[in-house]
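Working notes, structure below.
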Amino acid sequence: EAGVTQFPSHSVIEKGQTVTLRCDPISGHDNLYWYRRVMGKEIKFLLHFVKESKQDESGMPNNRFLAERTGGTYSTLKVQPAELEDSGVYFCASSLREWGANVLTFGAGSRLTVL
Amino acid sequence: DAKTTQPTSMDCAEGRAANLPCNHSTISGNEYVYWYRQIHSQGPQYIIHGLKNNETNEMASLIITEDRKSSTLILPHATLRDTAVYYCIVRLGLVSSGDKLTFGTGTRLAVRP
């Protein structure tokens with residue numbers, strides 16, 4: 001079974017530019033999450049999709065961040081325009097949507113460096 | 001979700017058991033205890049979870065006290081590859097709450113040769 005795949009693994013852009021991160025969840029996983037870790041800080045929740053619908057986007061820092069999951073399969077996270085403080089590692093995770101305890105499987109992350 | 005408290009760092013010798021404690025004194029009856037770890041530069045990795053009973057899998061054992069206010073993750077034979085930050089997370093087991101995980105600062109485990 002393929003795991004959660006994220007692309008690119010590392011992106012270096014200049015302040016003001018746009019970057020789009022992609023996440024391919026495990027096939028059949030309706031839940032898809034985005035998290036990020038900025039330097040020296042804890043891993044923070046950004047948002048949660050159930051299929052193509054945004055279930056919880058309470059962690060999105062501001063309107064420069066746009067997440068989509070068209071068709072309920074892969075997801076993209078766009079940062080436009082990027083700022084220096086957006087640098088960090090962005091993790092995607094997916095899980096089945098079932099009652100009770102579920103396990104999140106994380107991707108390897110996309111490292112974003114904004115210069 | 002209930003808050004957890006973990007030591008900032010620990011170390012153990014390779015081949016010995018690593019016992020990582022976690023306090024979750026405000027846990028409610030329908031909240032699970034999860035353990036994840038993050039090895040340097042990798043994504044968080046699920047280890048084990050439990051509700052009331054002790055659990056064991058191929059990676060670790062989870063011991064939950066009878067009052068459920070604390071737990072211990074046991075890596076029976078730690079190797080250098082187990083050096084990582086270990087996160088103890090408590091969350092509800094409800095579909096409506098999703099699987100959102102709240103990561104704290106975790107315990108940095110260093111396995112020494």
Side-chain angles (χ1 to χ4, degrees), chain A residues 1 3-7 9-10 21 23-26 29-51 53-60 88-113, chain B residues 1-6 8 24 27-55 57-60 62 64 68 71 84-108:
Chain A
E1 176 183 79
V4 176
T5 305
Q6 293 188 246
F7 182 84
S9 58
H10 192 188
L21 310 177
C23 169
D24 286 78
I26 292 174
H29 281 194
D30 287 340
N31 286 318
L32 187 148
Y33 301 81
W34 284 97
Y35 287 79
R36 78 170 177 178
R37 183 174 203 159
V38 297
M39 182 70 73
K41 299 290 183 61
E42 300 168 10
I43 299 171
K44 293 291 188 183
F45 166 82
L46 295 179
L47 88 159
H48 167 210
F49 282 100
V50 176
K51 297 184 179 180
S53 299
K54 293 176 184 175
Q55 183 82 1
D56 180 356
E57 51 184 328
S58 61
M60 294 288 266
V89 183
Y90 290 77
F91 295 105
C92 176
S94 70
S95 73
L96 292 168
R97 184 164 176 78
E98 295 177 338
W99 185 268
N102 286 321
V103 171
L104 268 66
T105 301
F106 284 80
S110 290
R111 180 175 296 276
L112 174 63
T113 301
Chain B
D1 293 344
K3 181 178 174 59
T4 63
T5 304
Q6 299 178 251
T8 302
H24 31 79
I27 193 170
S28 64
N30 55 354
E31 288 183 311
Y32 290 77
V33 179
Y34 286 79
W35 284 84
Y36 281 77
R37 72 181 181 183
Q38 186 180 23
I39 297 171
H40 181 62
S41 297
Q42 298 181 21
Q45 176 190 27
Y46 165 80
I47 302 173
I48 198 167
H49 73 276
L51 182 61
K52 296 179 180 178
N53 300 321
N54 297 336
E55 302 289 343
N57 63 21
E58 65 278 5
M59 290 181 67
L62 174 61
I64 303 174
R68 302 186 68 240
S71 60
V85 178
Y86 287 77
Y87 298 95
C88 171
I89 300 168
V90 172
R91 62 161 291 276
L92 291 169
L94 300 174
V95 172
S96 62
S97 68
D99 300 301
K100 176 180 171 180
L101 301 174
T102 301
F103 289 86
T105 54
T107 295
R108 186 172 297 276

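Naming convention: chains lettered A, B, ... in sequence-line order (proteins, then strands); numbering from 1 in each chain. All values reported here derive from a predicted model rather than from experimental measurement.
When all heavy atoms of B:Tyr46 and A:Val103 are compared, the pair lying nearest together is CG-CG1, 3.4 Å. Heavy-atom minimum distance, A:Ile43 versus B:Phe103: O-CB, 3.6 Å. Across all their heavy atoms, B:Tyr36 and A:Leu104 have their closest contact at OH-N, 2.9 Å.
Around the NZ atom of A:Lys54, the shell of radius 6.0 Å holds more than 12 heavy atoms that belong to other residues, nucleotides or ligands. When the shell of 6.0 Å around NE2 of B:His40 is examined, it contains 12 or fewer heavy atoms from other residues, nucleotides or ligands.
Within the 3.5 Å criterion, the main-chain N or O of B:Leu101 finds no donor-acceptor partner in the side chain of A:Tyr33.
For chain B, no part of A:Ser9 is nearby; none of its heavy atoms comes within less than 4.5 Å. Contact of B:Gln38 with chain A is made through the side chain alone, with heavy-atom distances under 4.5 Å.
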